[in-house]
Amino acid sequence: MPDARHETLIVTGLKNAHAMENQALSIMRPQVARIESYPEVARRLEQHITETEGQIGRIDELLDQFGADSSTLKDFALSFSGSMAAMGHTIAGDEILKNSFANFAFENFEIAAYKSLLILAELGGHGNVTSALLANLKEEQAMAQWLDENVAAVTTRFASLKEDGRTAKV
């Protein structure tokens, strides 16, 4: 039986997750637009952009179930900060590395957020939201694992491009 005391917590968490995923899009889209020398990174980011759009759709459906809307202000604020973070890396000579590190950190942030939402759903007796949250969690875990497994390849490619005197930023 759902617990009304926890409903506010889960709805707030879902609004935060919605904003977080919009922030993720605002970080990834500029990266994809700039990547030239790392096609495998671009492909994986494009795939994760599509996944993230699906995650936002799942969160929208969950918010609808609770009769709530996403927070436009949170969405805007986090999207703006994500865009600024992505833009900040463009001036770095090792942009691809900084983006890889930041993406890995952000994926782990998202993983923690979804794990917390799953606990809130359990505490509140909102089992109807767990399958969507688990789907989002698994996609975030897969992206974090891919980033982790590709640090060596991206770093090696970066070093090789630099050694050859070619652009290594993106």
Side-chain angles (χ1 to χ4, degrees), residues 13-63 70 72 74-118 129-170:
L14 289 169
K15 288 180 179 185
N16 290 341
H18 193 277
M20 172 183 72
E21 294 302 352
N22 275 295
Q23 182 180 21
L25 289 176
S26 72
I27 292 169
M28 290 185 290
R29 286 179 175 146
Q31 288 179 24
V32 169
R34 293 181 48 79
I35 292 176
E36 295 174 9
S37 301
Y38 305 86
E40 66 288 348
V41 175
R43 278 191 301 275
R44 187 60 179 101
L45 284 173
E46 287 168 350
Q47 177 187 343
H48 197 55
I49 286 169
T50 301
E51 291 170 346
T52 301
E53 291 166 343
Q55 292 168 6
I56 291 170
R58 285 186 209 113
I59 294 167
D60 282 336
E61 289 174 12
L62 296 178
L63 286 167
S70 62
T72 305
K74 282 182 186 177
D75 283 358
F76 173 77
L78 289 180
S79 289
F80 179 76
S81 70
S83 295
M84 293 300 99
M87 199 179 335
H89 291 171
T90 63
I91 60 171
D94 59 349
E95 177 182 357
I96 190 69
L97 297 180
K98 285 186 173 37
N99 285 344
S100 294
F101 307 156
N103 291 345
F104 183 71
F106 197 81
E107 291 304 321
N108 280 281
F109 177 85
E110 290 175 303
I111 289 166
Y114 283 116
K115 287 181 176 183
S116 179
L117 276 169
L118 283 161
V129 304
T130 56
S131 65
L133 294 175
L134 282 170
N136 287 9
L137 174 62
K138 288 179 182 175
E139 289 172 352
E140 300 302 354
Q141 288 171 325
M143 184 63 179
Q145 181 178 349
W146 187 90
L147 289 163
D148 186 39
E149 291 171 352
N150 283 276
V151 169
V154 170
T155 303
T156 301
R157 175 109 173 105
F158 172 80
S160 175
L161 288 169
K162 278 296 229 192
E163 288 168 4
D164 292 346
R166 294 183 285 162
T167 180
K169 285 175 54 174
V170 288

Close side-chain approach of [X] to [Y], heavy-atom, < 4.5 Å:
{"X": "W146", "Y": "N103", "value": "no"}
{"X": "E46", "Y": "T50", "value": "no"}
{"X": "I59", "Y": "N136", "value": "yes"}
{"X": "Q55", "Y": "H48", "value": "yes"}
{"X": "L161", "Y": "Y38", "value": "yes"}
{"X": "L118", "Y": "L134", "value": "yes"}

Is a donor from one side chain sitting under 3.5 angstrom from an acceptor on the other, for Q31 and E95?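 No pair is found: no donor N or O on one side chain lies under 3.5 Å from an acceptor on the other.
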Could you tell me if E149 and Q145 have a donor-acceptor pair between their side chains, going purely by distance under 3.5 Å?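 Result is yes, a qualifying pair exists.
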Is the shortest side-chain N to carboxylate O distance from [X] to [Y] below 4.0 Å?
{"X": "R29", "Y": "E53", "result": "yes"}
{"X": "R58", "Y": "E139", "result": "yes"}
{"X": "E51", "Y": "R44", "result": "yes"}

Testing E21, E61, M20 for side chain to side chain contact (heavy atoms under 4.5 Å, CB included) with I56, which one passes?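 The option that passes is E21.
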Distance, nearest 0.5 Å, that separates [atom1] of [X] from [atom2] of [Y]:
{"X": "T52", "Y": "N22", "atom1": "OG1", "atom2": "CG", "result": "9.5 Å"}
{"X": "I27", "Y": "N99", "atom1": "CD1", "atom2": "CG", "result": "9.5 Å"}
{"X": "F158", "Y": "L97", "atom1": "CZ", "atom2": "CG", "result": "5.0 Å"}
{"X": "I35", "Y": "M28", "atom1": "CD1", "atom2": "CE", "result": "11.0 Å"}
{"X": "E107", "Y": "E140", "atom1": "CD", "atom2": "CD", "result": "4.5 Å"}

Go through K115 and E110 one step at a time and tell me if the side chain to side chain contact (heavy atoms under 4.5 Å, CB included) criterion holds. CA-CA 9 Å; K115 287 181 176 183; E110 290 175 303; over 6 Å; no
Closest contact, heavy atoms only, [X] versus [Y]:
{"X": "A42", "Y": "V32", "result": "O-CG2, 4.3 Å"}
{"X": "K15", "Y": "L63", "result": "CG-CD2, 4.0 Å"}
{"X": "F104", "Y": "A144", "result": "CE1-O, 3.4 Å"}

Whether the side chain of S160 engages the backbone of T156 through a donor-acceptor N/O pair (distance < 3.5 Å, no angle test) should be reported.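 Side chain of S160 to backbone of T156, a donor-acceptor pair under 3.5 Å: no, none is there.
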For the pair S116 (side chain) and A112 (backbone), establish whether a donor and an acceptor sit closer than 3.5 Å, ignoring hydrogens and angles.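 Judged by distance alone, no pair lies under 3.5 Å.
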Determine, stepwise, if the pair Q23 / F106 fulfils side chain to side chain contact (heavy atoms under 4.5 Å, CB included). CA-CA 10 Å; Q23 182 180 21; F106 197 81; 3.5 Å; yes
Side chain to side chain contact (heavy atoms under 4.5 Å, CB included) evaluation trace for L117 with V129: CA-CA 9 Å; L117 276 169; V129 304; over 6 Å; no
